[in-house]
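Hydrogens, waters and symmetry mates play no part in the numbers below; they use all other heavy atoms, side chains included. Treat the numbers as computed from the prediction; the structure is a model and nothing was measured.
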Amino acid sequence: MTADPTQPKSDNITWHGGEVDAAARARILGAGAVLWFTGLSGSGKSTVARRVERMLLEDGHHCTVLDGDNVRHGLCRDLGFSPADRAENIRRVGEVCGLFAQANVLTLAAFVSPYRKDRDQVRAVVGAHFLEVFVDTPLEVCEARDPKGLYKKARAGEIRGFTGIDAPYEAPAAPEVHLRTAGKTVDAAAAEVVAALRDRGLLG
């Protein structure tokens, strides 16, 4: 039987609660939430997330960005890009996002995260304050941008299993925020995300 990676390996552990409940923390620190930016490589996920971060910080909100490439320099540096490694990458990041949300941090996570089941697993970990942000940019636009030269390498066969070329991307069925980026500035896209937070009462 294969072990369930979502369950602890040991039975000899106990969850310890704190002296301050979630409602009290929210009154003191504001709400925590996870905004999960998903889309093709080159779609603008990190660019929009960083702009949202700046807007929120300038407005006095506690927030941080977790970027797909950045976490692979540390937390997930032992993982590649096979479907199994992608799933583990997102699982780890999802758990970190959950911890940040419990600490009342607005967490902006920018990951290709091509598989719905992996994103749904993060949603289950985070709970109610999870907003899926679909950065919907057509493949041809992403490939024309190709900011890291990855599409060129994928087309030349130098990279295998590249999302959108020879590996699938499963678009969100019902994202909380659907950013159709065509003809939209970064500021306009970021403002749409901030408005979604405000509409849900997550900015106080």
Worked verdict on Val193 versus Phe37 for side chain to side chain contact (heavy atoms under 4.5 Å, CB included): CA-CA 10 Å; Val193 176; Phe37 293 77; 4.1 Å; yes
Rounded to the nearest 0.5 Å, what separates atom [atom1] in [X] from atom [atom2] in [Y]?
{"X": "Cys76", "Y": "Arg91", "atom1": "SG", "atom2": "CZ", "answer": "9.0 Å"}
{"X": "Leu35", "Y": "Thr38", "atom1": "CG", "atom2": "OG1", "answer": "13.0 Å"}
{"X": "Met55", "Y": "Cys63", "atom1": "CE", "atom2": "SG", "answer": "11.0 Å"}
{"X": "Lys152", "Y": "Asp146", "atom1": "NZ", "atom2": "CG", "answer": "8.5 Å"}
{"X": "Thr107", "Y": "His62", "atom1": "OG1", "atom2": "NE2", "answer": "8.5 Å"}
{"X": "Ile165", "Y": "Lys153", "atom1": "CD1", "atom2": "NZ", "answer": "14.5 Å"}

By the salt bridge (charged side-chain N to carboxylate O under 4.0 Å, His left out) test, which pairs, at least two apart or in different chains, include something from [range]?
{"range": "residues 71-85", "answer": "Asp78-Arg92"}
{"range": "residues 129-144", "answer": "Arg119-Glu132, Arg123-Glu132, Glu143-Arg155"}
{"range": "residues 180-195", "answer": "Arg51-Asp187, Lys184-Glu192"}

Just to verify, what does [X] make a side chain to side chain donor-acceptor pair (under 3.5 Å) with, not counting sequence neighbours?
{"X": "Asp69", "value": "Lys148"}
{"X": "Asp120", "value": "none"}
{"X": "His129", "value": "none"}
{"X": "Ser43", "value": "none"}

Cluster companions of Tyr115 among Ile, Leu, Val, Met, Phe, Trp, Tyr (side-chain spacing under 4.5 Å):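 Its cluster mates, by chain and number: none.
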Other ILVMFWY residues reachable from Val93 by side-chain steps of under 4.5 Å: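 When side chains under 4.5 Å apart are linked, the cluster holding Val93 also contains Val34, Trp36, Leu66, Val71, Leu75, Ile90, Val96, Phe100, Val105, Phe111, Val122, Val126, Phe130.
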Identify the heavy atoms of [X] and [Y] that sit nearest to each other, and give their distance.
{"X": "Lys45", "Y": "Leu40", "value": "NZ-O, 2.9 Å"}
{"X": "Ala87", "Y": "Lys117", "value": "CB-NZ, 4.4 Å"}
{"X": "Ser41", "Y": "Cys142", "value": "O-CB, 3.3 Å"}
{"X": "Pro168", "Y": "Thr163", "value": "O-CG2, 3.6 Å"}
{"X": "Val135", "Y": "Gly44", "value": "CG1-C, 4.2 Å"}
{"X": "Val125", "Y": "Glu95", "value": "CG2-OE2, 3.8 Å"}

Modelled atom types, side-chain donor and acceptor of Ser113 and Arg86, under 3.5 Å: no
Between Thr181 and Thr137: side-chain donor-acceptor atoms closer than 3.5 Å: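 Yes - a donor-acceptor pair under 3.5 Å links their side chains.
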Would you give me the side-chain donor-acceptor pairs under 3.5 Å for residues 195-204, sequence neighbours excluded?
{"residue": "Arg200", "atom": "NH1", "partner": "Ala196", "partner atom": "O", "Å": "3.2"}

Enclosure of Arg145 CZ (heavy-atom neighbours >12, cutoff 6.0 Å):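 More than 12 heavy atoms, drawn from other residues, nucleotides or ligands, come within 6.0 Å of this atom.
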Ring pair (Phe, Tyr, Trp, His ring centres under 6.0 Å) partners for Tyr169, two or more places apart: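 If we apply the ring pair (Phe, Tyr, Trp, His ring centres under 6.0 Å) test to Tyr169, skipping adjacent residues, there are no hits.
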By ring pair (Phe, Tyr, Trp, His ring centres under 6.0 Å) - contacts of Phe162 (at least two apart): Tyr151
Path from Leu79 to Val112 over hydrophobic side-chain contacts below 4.5 Å: no
Side-chain heavy atoms of Arg160 within contact of Asp166, under 4.5 Å: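 A side-chain contact exists here, since the closest heavy-atom pair is under 4.5 Å.
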